[in-house]
Colleague: 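There's a structure below that I have some questions on.
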Amino acid sequence: MAAPNKLSTQARLTQRRESQDGLVKEQKKERQARADKTARLKALRLAKEAVDRAATEAAPKKPAPKKKPAPKPGAPVRAKTGLRK
């Protein structure tokens with residue numbers, strides 16, 4: 001009677017190993033797919049940055065807008081109020 005029980009135990013162990021092997025293969029495929037996607041997105045990002053960098057270098061630089069001169073020291077300061085006359 002011990003022999004049939006032992007075979008079923010071995011069969012169960014074999015099934016368990018096969019299912020684990022299948023799971024490991026599936027996880028490897030998922031990891032590889034994730035790595036491929038990450039590499040593709042990184043390549044796209046780097047290409048876009050290179051295009052943007054080339055565009056900014058090629059574009060003529062606009063002069064900065066002129067600022068109002070600072071008030072001279074000792075000049076009266078006009079208070080801004082919400083009332084207009």
Colleague: Say you draw a straight line from NZ of K29 to CD of Q32; how long is it, rounded to the nearest 0.5 Å?
Modeller: 12.0 Å

Colleague: Is the CZ atom of R45 crowded by more than 12 outside heavy atoms at less than 6.0 Å?
Modeller: yes

Colleague: To the nearest 0.5 Å, how far apart are NZ in K25 and CG in L23?
Modeller: 12.0 Å

Colleague: Using the side chain to side chain contact (heavy atoms under 4.5 Å, CB included) rule, take K37 and R34 through it: C-alpha gap first, then chi angles, then the decisive distance, then the call.
Modeller: CA-CA 5 Å; K37 181 179 178 182; R34 204 174 319 123; 5.7 Å; no

Colleague: To the nearest 0.5 angstrom, please state how far the CD atom of E30 sits from the CD atom of Q27.
Modeller: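 With rounding to 0.5 Å, CD (E30) is 7.0 Å from CD (Q27).
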
